[in-house]
Each structure stands twice: as structure tokens, then as C-alpha cells.
Amino acid sequence: MNSALEKIGSTLREKIKDCGQGHLLRFIGELDPASLLSYLDQLNAVDWENLDALIRLNLIKKKDAPIRRDISPAPYYPYPPVDDKLKALYKTAEKEGVSLIKSGKLALLTVAGGQGTRLGFDGPKGTFRISPIRGKTFFQYFSEKIIRAREKYQTNLQWLIMTSSANSKATSEYFSMNKFFGLPRDSVHFFTQGMMPAISFDGRLIMESKNSLALSPNGHGGALSALKDSGLLNKISKEGVEILSYFQIDNLIAPPLDPLFIGLHRIENSDVSSRMLSKTGPCEKLGNFCVSEGKLNIIEYSDMPPELAEKTDEAGNLSFIAGSPAIHIFNVEFIRSLTAPDSGLKLPWHRAEKKVPYVDDDGKVIHPEKPNAIKLETFIFDCLPFARKTIIIEALREEQFSPTKNPEGIDSAQTCRAMLVERDAKWLENAGIKVPRKPDGGADCLIELSPLKYLDAEDVLLRKSQIKIPGRGKENYYE
Ligand code: UTP
């Protein structure tokens, strides 16, 4: 037997063959020792025991699990408050939130392990230059917000960042190279999510080269087990962290910590809480907050039956108006219970048909013109139905949601920059500072407030006497 095959080991070889994946061993005789070793790591990471069932289930079903027909729109706390009772509740909640933040019981959780394929940027999405004047990257912008939050709330805030093996090295090197943008190094914790192999339509794992499977990150749902497996969940829990504030790296204006939201979560004794937005239309690409059998679910836009998405109430408003900007709060204890060895939690896999390059029998890389494979991902919000208690509170879109998914058009770098300028303009105007505007109402200049000083509208109010009026047609950067 050739020595490379021997190195693979008979048990692994048998598992591979038993699963009908013998083609994965085609080229191993040609691999140098280093490539063989890394390929072995990939093969060992595959869940061979469950692979057969996983392939059968996900290839046979053309869609994800059918949507139940008993679903109804999820209730939520409106924002701004609609009456005095809510106003008083929100005031109390905000105080509670501030005291929780100050007590060190809160840490931040950011998912940044995705491949950002739609953006088409070569590198971790967090290293994409996004701010409108200084071209700060997502990572820099959030680092600066966190520095200001640490100062404002006098707390040793910890930041947990999920990467994937596709971008973990580049991400940690980027932070090191930039001296963590001024954050204490020991307050930033990277952890790596798992990867999933792409599966061809005939049920074979795809090889992207002679020494590599075609792998992709296992979805933001991978954060739950990755937090546990990395030991971080235990570590922060021992350090007294009770609550995680979750946001996605590509939502530049997401508030990393939001006292009202955090306080309401605590007052309501919730396990998981979510911000919601009124959707711009029935088909906006947001998850939909729904209730089924008394449990809160988020149904991805692509899975929402059109008749439900388009359903309206008597006043003509969308019934399923609540869309998810992917801003959540998780109790650490809830994640611990979900990931405990006896919990048996398995988040459902969501499939997407994709064009995945592969090597043919001659070892030549083929770039298919049509989708040829499925990629599988889990979504973090699929843990919502397991929560004992959940709450949802409305967010102002212009204050919390500017997703960057595409290079241009809807949800793009362009729209994100425009939203940031508009948000900063509003914060200035809120402090009584005049912003030059065009006849159509848009700001007639560029504005960028440095998050090192201006975490929120309150910070602008605090410093308003030092702020110069923005010049028409100019780039106005405030630091
Ligand atoms: P998206 O689902 O929008 O994916 O991720 P993406 O990778 O940014 O972009 P596309 O779909 O390839 O174009 C939403 C958030 O979840 C993170 C992303 O980094 C982003 O912050 N994410 C996504 C992960 O951390 N891991 C994943 O496996 C998928």
C-alpha cells in the first residue's frame, strides 16, 4: 500500500469508503507531507457518522423544513414608546441597562466568520474600508465605539469575535498590525467556528483542489458550539459575564451596547431578546419574527411563504411587519444550557445551491457555470424557540441598521455610507447644530463623527459647544 494511504489510517479510510466518498482519496499519493497533513485535518473534522443522513436529508428535500401554517406575527414593544406607561418602563430599563453595563456583567459578541461573497471583497469583511471620509474599516469603527463605551461606562468590556478558518489568521493579524486600534489586547477574544463541506448534487463531498475539500463556514449558528468548544463561554461565565450583546460585523451602525435593550431584557427576565424593524415591504430581505405553537421563531425571507409575507391587516398594514436586523441579547446561561452535553440541541441546516469549483479526475480545476452543489449553514436565531422567555423591541432603522452585503445598490457599501452620514447629521441637528441640506432633504456635505468621541447622540450633546458647523459640499470629520 502506498505510504500516503497508510498515513490516513485504516479507520478513517473505511469511514470514507463506507460513506461512498472514496473519490476523496484519489490524489493522496501525489501530496507532499505538509499538504497531506492539512488534508488529513480536514478529513478528520468531517462528521462521518452523520454524513450519510445529512446528505440524504439535505439533498432530497429541495427546501428547508416546511413552514407551519399556524404562524402568527410576533408581538413586540414599540419604539418610540406609545404611552406614558411605556415611557416610564423604558426609562427604568435604560437605568437598569446602564447599571448592568457598568457592573461588568455584559460582553460583546460579533460574528465575522462569513465569506462576504456578495461583497466580492478579497479579505475578511471586517477589514473592508467603509466609513465615508476616513475610510475606517468595520473592525476599526467598532473598536473605536468600544473604546468610547469602555470610557463612558467605566467598564472592562470584553469583545468576543467569531472568525472562521477562512479568515481567522487574516483577522488576528489585522488587529495585531493595527495595535488593536487602542483596545487592550486582552479584552479582544477571537474564536473560530466550524466548517462544512460542500456537497455535489449527486451526494459527493467536493474537492476544490487535490489536497483540499471545498469547505465553507457553518453559518452564524456555529457561534453557539464554537463559543463552548473554544472554552470562552466558560471563561467569561467564570468572570461574571451574564449577558452577551450580539451584532454582525457588516452592520456598521449597530450599537454594540444599548442600555434600553439590555435593561428591558433583564427586567423581563428574558433568555434571548431581539431588536425588530418595520420591514420596508413584504419581500425585504430580513428574517420575519413569527410565533408558532407559542414559540418565537425567525423565518428567513427566502423561506417565508409569499401569501404570509404579503398578508395585511384590516388597516392594510403588513401583518408580518417585524423584520430582524440580527441584533440580539443572549443570556450566557441560556447558551450554556443549549450547548450542555445532554442538551441534544441540533440547529437545523439551511441549504443554498451554489456554484462550487471542483477538481475533475485529472486534477484540473473546473469552474461550473451553473450551481452544482449545496452549502449548508445553521442560523443563530434558530435557537429562539428553545428559549424559556423572549422579548422583542422595535428599533429605529436609521439608528441601528445599515447592512453591507453588496458592492452597490440595495444593502451596499454605498447605502451604508449614506446612512452613516445621515445618522451623524441627525445627531448634530439633535444638538442644535445646523447641517446644510439639499432641496431633497439629504445632507449637502459628508459628515463623519469619530466613534472614539461620539458613541451616541448624547455624546454629541455633551460636546456641542466644541463642534463646528459642517461646511456645505465639504468633508466634515469630527474627532
Ligand atoms: P451573511 O449571511 O450576510 O454572510 O452574514 P456574509 O458572509 O457576510 O456574506 P455572503 O452571504 O457570503 O455574501 C451575516 C453575518 O454573519 C456572519 C458574517 O460574517 C456577517 O457578520 N457569518 C455568516 C459568520 O460569522 N459565519 C458564517 O458562517 C456566516
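Values in this document were obtained by computation on a predicted structure and should not be read as measured data.
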Determine all donor-acceptor pairs shorter than 3.5 Å in which one atom belongs to a side chain in residues 395-403; sequence neighbours excluded.
unit_1, atom_1, unit_2, atom_2, d
Arg397, NH1, Glu284, OE2, 2.9
Arg397, NH2, Ser278, O, 3.0
Arg397, NH2, Glu284, OE1, 2.9
Arg397, NH2, Glu284, OE2, 3.4
Glu399, OE1, Trp427, NE1, 3.3
Glu399, OE2, Trp427, NE1, 3.1
Gln400, NE2, Asp258, OD2, 3.1
Ser402, OG, Ile253, N, 3.3

Ring centers of [X], [Y] separated by less than 6.0 Å:
{"X": "Phe386", "Y": "Phe334", "answer": "no"}
{"X": "Phe27", "Y": "Tyr39", "answer": "no"}
{"X": "Phe139", "Y": "Phe181", "answer": "no"}

Original post:
Donor-acceptor pair, Asn372 side chain versus Val356 backbone, under 3.5 Å?
Top reply: yes
Subject >> Whether Ser131 side chain and Lys136 backbone form a donor-acceptor pair below 3.5 Å >> reply: yes
If only side-chain N and O atoms count, and only distance matters, is there a donor-acceptor pair under 3.5 Å linking [Y] with [X]?
{"X": "Arg336", "Y": "Asn234", "result": "yes"}
{"X": "Asn297", "Y": "Ser292", "result": "no"}
{"X": "Tyr153", "Y": "Glu151", "result": "no"}
{"X": "Asp41", "Y": "Asn44", "result": "no"}
{"X": "Asp382", "Y": "His350", "result": "yes"}

Original post:
Are the charged groups of Asp271 and Arg388 less than 4.0 angstrom apart, N to O?
Top reply: yes
Original post:
Which pair of non-hydrogen atoms, one from Met196 and one from Leu54, has the smallest distance, and what is that distance?
Top reply: CE-CD2, 3.5 Å
Original post:
Is NZ or CZ of Arg275 both nearer than 6.0 Å to the six-membered ring centre of Phe261 and within 45° of the ring axis?
Top reply: yes
Subject >> Glu307, CD: over 12 other non-hydrogen atoms inside 6.0 angstrom >> reply: yes
**OP:** Hey, could you give me each pair passing side chain to side chain donor-acceptor pair (under 3.5 Å) that has a residue in residues 172-192? Not counting sequence neighbours.
**Re:** Thr137-Tyr174, Gln158-His189, Lys169-Glu173
Original post:
So among Leu160, Ile161, Leu232, which one has a side chain to side chain contact (heavy atoms under 4.5 Å, CB included) with Phe190?
Top reply: Ile161
Subject >> Partner of Leu257 by side chain to side chain contact (heavy atoms under 4.5 Å, CB included), out of Ile243, Leu100, Leu106, Thr155 >> reply: Leu106
Original post:
Applying ring pair (Phe, Tyr, Trp, His ring centres under 6.0 Å), which residue pairs with at least one partner in residues 214-245 are found, sequence neighbours left out?
Top reply: His220-Phe379
